[in-house]
Amino acid sequence: MKITLNPKTTPFNLDYTLRCGQVFRWKKLGNWWYGVVNDKAIKIKQSNNVLEFEGADTKFVENYFRLDDFLPSILSKISKDEHTKNAIQSFYGLRLIQQDPWECLVSYICATNKNIPAIKEMINNLAKQFGEKITLDDYFFYTFPKPNSITRTNNKMLRCCKLGFRAKNVLKTARQVNNGKVRFAELEKMDYETAKNELLQLPGVGNKVADCVLLFALNKLEAFPVDVWMKKTIVKHYSTHFDKAFIRKALKKKSPTPAEYLMISSFARKYFGEYAGYAQQYLFHLERLTCKTV
DNA sequence: TTGCCGCCTTTGTA
DNA sequence: ATACAAAGGCGGC
């Protein structure tokens, strides 16, 4: 199937969107991106303004890649300074992805103190061990394990997937989702703060993980996750918005303290507005690409 | 109450 | 090779 996009009203860049570090389960084989979403293997490619895909319908693709987000307006709203404009110009067409909340939650619990290649490895291990094998084009893929597949495991089995100290958090969180204590559909209806407070009750979920789930899966575009990269960006390019003592202290440690987290993310929400999360993703991608060779 | 320290596993990277 | 960093969270003081 195909979708033809109008680049003026619906700019989209598939490579930037899948490479910017928000999702961990896609890989490019030849010209096609392959992924597993909603228990199905999907492939998709882009040539200019045409998206071609198999394994999913048009509605799914539009929803997953948030093609209804009116990017021209969103990007102009967050274009507050030269640095942001640079990021937007560099990765024009990068979109947030509407992820599955359960997979997103587990992924970011696992992301704690890990770099992106290692996160991909953990998630793939989980899927291979506890998901179901599916095929597309003679390639093998694995569905992401359901909550009740995780609750049937134990700490040791999860540690075999290289989860380390995150294993117990994934296990306990799976139980809470499985027994209905956490309902993603309900969280999505709540406002940002309320939903965040609910997520913060889960083991292994602090400020950063909660904001990632809110932004990437629960449609809270004002969420502004602050990890080591975002803290670095803020200190480098936005220090004038904070007092000097704050910046001086921030330079001492890499990962943000709870107080720094609050200062930075609330600044970002005020500064960038209701689409702060989009700004975060553009700035995150720029910071990683300029500092690293990943 | 708030703030900061050290630990938690394992992999990637210089 | 050896150390340090990694889309952090949490208990303890």
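Naming: A, B, ... by sequence-line order, numbering from 1 per chain.
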> What nucleic acid atoms does Val228(A) come within less than 4.0 Å of, heavy atoms only: base, sugar-phosphate, or nothing?
Replying inline: sugar-phosphate
> Between dA6(C), dA7(C), dG12(B), which one does the side chain of Asp227(A) approach most closely?
Replying inline: dA7(C)
> DNA chain B: Asn115(A) or Thr112(A), which has the more 5' nearest nucleotide?
Replying inline: Thr112(A)
>> Within the 4.0 Å heavy-atom criterion, would you say Lys253(A) contacts the bases, only the backbone, or no part of the nucleic acid?
In response: nothing
> What's the closest nucleotide to the Trp229(A) side chain, out of dC4(B), dG12(B), dA7(C)?
Replying inline: dA7(C)
>> Give me the distance, rounded to whole Å, that separates dG12(C) from dT1(B) when you measure between the C1' atoms they each carry.
In response: 15 Å
> Using a heavy-atom distance cut-off of less than 4.0 Å, which residues of residues 169-177 of chain A contact DNA chain C?
Replying inline: none
> Roughly how far apart, to the nearest Å, are dC5(B) and dA7(C) at atom C1'?
Replying inline: 23 Å
> Across the strands shown, which category fits Arg166(A) at heavy-atom distances under 4.0 angstrom: base, sugar-phosphate, nothing?
Replying inline: base
> NA contact type, Gln280(A), heavy-atom cut-off 4.0 Å: base, sugar-phosphate, or nothing?
Replying inline: base
>> Does Leu202(A) reach a base, just sugar-phosphate, or nothing at all? Heavy atoms under 4.0 Å.
In response: sugar-phosphate
> Got a donor-acceptor pair under 3.5 Å from the side chain of Lys162(A) to the base of dT11(B)?
Replying inline: no
>> Give me the distance, rounded to whole Å, that separates dC10(C) from dT11(B) when you measure between the C1' atoms they each carry.
In response: 22 Å
>> Counting only Watson-Crick pairs (N1-N3 plus N6-O4 or O6-N4) and G-U wobbles (N1-O2, O6-N3), all under 3.5 Å, who is the partner of dA7(C)?
In response: none
>> Regarding Lys120(A), tell me which of base, sugar-phosphate or nothing describes its non-hydrogen contacts under 4.0 Å with the strands shown.
In response: nothing
> Can you check whether Phe165(A) stacks with the dC8(B) base, using ring centres under 5.5 Å and planes within 30°?
Replying inline: yes
>> If I pick the P atom on dT2(C) and the same atom on dT9(B), what distance separates them, to the nearest angstrom?
In response: 24 Å
> Hey, does Gly21(A) reach any base, or is it just sugar-phosphate, or nothing, if we go heavy atoms under 4.0 Å?
Replying inline: base
> Which part of the nucleic acid, if any, lies within reach of Pro203(A) when heavy atoms closer than 4.0 Å are counted: base, sugar-phosphate only, or nothing?
Replying inline: sugar-phosphate
> Counting any heavy atom closer than 4.0 Å, what does Phe216(A) reach on the DNA or RNA strands: base, sugar-phosphate only, or nothing?
Replying inline: base
